[in-house]
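The sequence lines fix the lettering, A, B, ..., with proteins before strands; numbering per chain opens at 1. These figures come from a predicted structure and were not determined experimentally.
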Amino acid sequence: MITKKFVLLDIDYITRNQEPVVRLFGKLLGENEEGHIIVLDKSFRPYIYVVPSDPSHIADCNIHLSDLNLLSVEQVSKNDMGELKEVLKVTFKHPQDIPKLREKILNLKSVKEIREHDIPFYRRYIIDHGLFPLNIVEVQGKVLNSARSSQRPPKTGGPEKSPAPKPCIFQVEKSPTPLESSLPELKFLSFDIEVYNPRGMPQSDLDPIIMISFSSNQGFRKVLSTKNTPDSSDPNGSPLDFVEVVAHEKELLEKFVETVQSENPDVILGYNSDSFDFPYICDRAAKLGVPLKLGIDGSSPKFTRIGFSNSAMIRGRVHIDLYSNTRRYMHLAHHTLERVYLELFGEGKLDIPGDEIHIYWDEGGRRLEALFHYSLNDAVAVTQIGERMLPLSTELTRIVGQPLFDVARMSSGRLVEWYLIRKSFEQGYLVPNKPSSAQLTRREGKHVVGGYVKEPVTGLHENIVYFDFRSLYPSIIISKNISPDSLTSGEDCHISPEYGHKFLKEPVGFIPLAIGQILQDRIKIKSQMKESRDDYQISVLNNQQEALKRLANTFYGLYNHSTFRWYSLKCSESITAWGRDFLKKTMEDSEKQGFKPVYADTDGFFATYVGPMD
DNA sequence: GTGAACCGGGG
DNA sequence: GTGTACGGTTCAC
């Protein structure tokens, strides 16, 4: 058996002989290795948990299940909200059997509820195998094809470029194992398209793509264009060395594909590329008959629905639309590429008004040259923004353990949820179900009293100090053991102010345990940062601790998010009650120390220092 | 005031 | 795809 090591970039499954085959896509590591690997694993099957109506007659439940076309049913013990339960682990032949059969199973009289029936198969796979995307994975098995073919499509002119090696296809024979992780450098390629738009916003059935520009984090820069500036002796050359002229739009798209293949990036970056660039490219390529073999497996982009919008997936690579990141993490009124660039780098970006692009194009000469610069500049700006924003997403990926593609598109609440789903697996807990629409309506109707507000004392205050409580909420959850599985009606417990909700002192609840681990990891990383002398390592560690901080601070508030699987009104009310209690008590204490609070709102308060009282 | 509808960003 | 965002603002009554 051969061993291969790679960085896990992407995961999916395909169906072969009606059976699921998981594919792990990675960037190869190690001596004499380059390029990408596709690992095939045929050994994993989907499953759900079934909670019986009558635990003492769990065998009846098993009999009823045997009528369905299942692979196996097995009795297991799981912790459900602090209570140990005997449940059935029901294994199916194919992931798509689950939506087909779960209603039938739920409707069986002997079945009380079904759990973990909505975990996508690829996510289940990496959780159950202990794999983390962007970490190093080792597999043992055999190479199915290691073709290092140097064939390339017929040349259409332009500078010579070495083709990327074809991916190594590998059959797993032993379960993949994660290795000690360090983050290998990822190659990313940004791109941006320009479209001829005499009627305002372009329409993909009418308006051609005229330019595509590229920028990588390894210095590659290029603009492909279907028009040249006239002041060049060579009709195919250009006075600008980064411009490559092609004959027509079809060739432009073919060159686009070739460039992605030869640059062979791990990550593809765009700005609004989920809803503009990729849909537009796909429409034009379909119209002109250009195969968009952008994926590692030669596949074309696929669009997956996330909410009401689509996301473009390039299989085996990671396509990230930085617009979603800037909207999530930068609090600006607008998130145009120009505005975001200004905010991050403090300088303006070369800009051409969108509706004038066709004018610059038609006019040619200096105007066209400006358009070349503008287009390249956009791609370069995307690379720079990526270099600034991605480290947080890559570390969140390695902590939460979901693919970078998903992590880059998830709210921090969802990140926490997937972090907890993995923790549930590790600790033998059953994951709570997503709320039904009826539960959602009920939850949305309930409102929790917010934080304490002290109206500001008017006037100009000097010697202002701010007492910040935001970071205190995680500590409240831990110190009061606020967790749905800790709720009790017994004795010897933490009792929340105002509401009197009771929480067990022991054992540590599922959520407080998770937050505790996050905070401990963060402390450990911070001390490693102090010891390290390696700048790259320090920056990675810093991103890790930032990611952990983000996760820890997200927990507060989640108990009151209607879609959160661990939603709990009692937990939510108790946090704010203890929060108000702490805030008021600390304000009182501060007055004893010579401070005078002038304004307070939920997370903290402002005070002036007036000197010690006599 | 309140709930529904719309919008973002891209050329 | 073991699927269906989100939060802020404006609109219509």
Quick one: ring pair (Phe, Tyr, Trp, His ring centres under 6.0 Å) partners of A:F425, sequence neighbours excluded?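 Residues passing ring pair (Phe, Tyr, Trp, His ring centres under 6.0 Å) with A:F425: none at all.
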Using the [atom1] atom on both, measure [N] against [M] and round to a whole Å.
N: B:dG11; M: C:dG8; atom1: C1'; result: 25 Å
N: B:dG10; M: C:dA5; atom1: P; result: 24 Å
N: C:dT9; M: C:dT4; atom1: P; result: 27 Å

[X]: what forms a side-chain hydrogen bond (donor to acceptor under 3.5 Å, both in side chains) with it, not counting sequence neighbours?
X: A:S412; value: none
X: A:H94; value: A:T15
X: A:K93; value: A:N69
X: A:D207; value: A:R199

Contacts of A:D378 that satisfy salt bridge (charged side-chain N to carboxylate O under 4.0 Å, His left out) - sequence neighbours left out: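 For A:D378, the residues satisfying salt bridge (charged side-chain N to carboxylate O under 4.0 Å, His left out) (neighbours in sequence not counted) are A:K349.
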Looking at residues at least two apart in the chain, or sitting in another chain, which of them share a salt bridge (charged side-chain N to carboxylate O under 4.0 Å, His left out) with A:R367?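 Partners of A:R367 under the salt bridge (charged side-chain N to carboxylate O under 4.0 Å, His left out) test: A:E363.
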Assess the side chains of A:Y341 and A:D351: does a donor N or O sit below 3.5 Å from an acceptor N or O? no
Does a side chain donor of either A:T563 or A:R443 reach within less than 3.5 Å of an acceptor in the other side chain?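 A:R443 and A:T563 do not have a side-chain donor-acceptor pair below 3.5 Å.
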Cation-pi check, A:R422 onto A:F132 ring (under 6.0 Å, within 45° of axis):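 Cation-pi check for A:R422 and A:F132: passes.
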Among residues 111-130 of chain A, which residues get a heavy atom nearer than 4.0 Å to DNA chain C?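 Close to the strand are A:E116, A:H117, A:D118, A:I119, A:P120, A:F121, A:R124.
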Residues in contact with DNA chain C, drawn from residues 295-315 of chain A - heavy-atom cutoff 4.0 Å: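 Heavy-atom cutoff 4.0 Å gives A:T304, A:R305, A:G307, A:F308.
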Output the distance between atom CD1 (A:I281) and atom CG (A:L294), rounded to the nearest 0.5 Å. 8.0 Å
Range on DNA chain C touched by chain A, heavy atoms, distance below 4.0 Å: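 So the outermost contacting nucleotides come out as C:dG1 to C:dC6.
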Sugar-phosphate atoms are those with a prime plus P, OP1 and OP2; base atoms are the rest. Using that split, label each nucleotide of nucleotides 1-11 of chain B B, S or - for protein heavy atoms under 4.0 Å, 5' to 3'. -------BBBB
Sugar-phosphate, base or nothing in reach of A:P46, heavy atoms under 4.0 Å: base
Quick one: side chain to side chain donor-acceptor pair (under 3.5 Å) pairs with a partner in residues 301-312 of chain A, sequence neighbours left out?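 Qualifying pairs, neighbours excluded: A:D274-A:S311, A:S300-A:K302, A:S311-A:R409.
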Do you know the tightest heavy-atom contact between A:F405 and A:H319? CD1-O, 3.4 Å
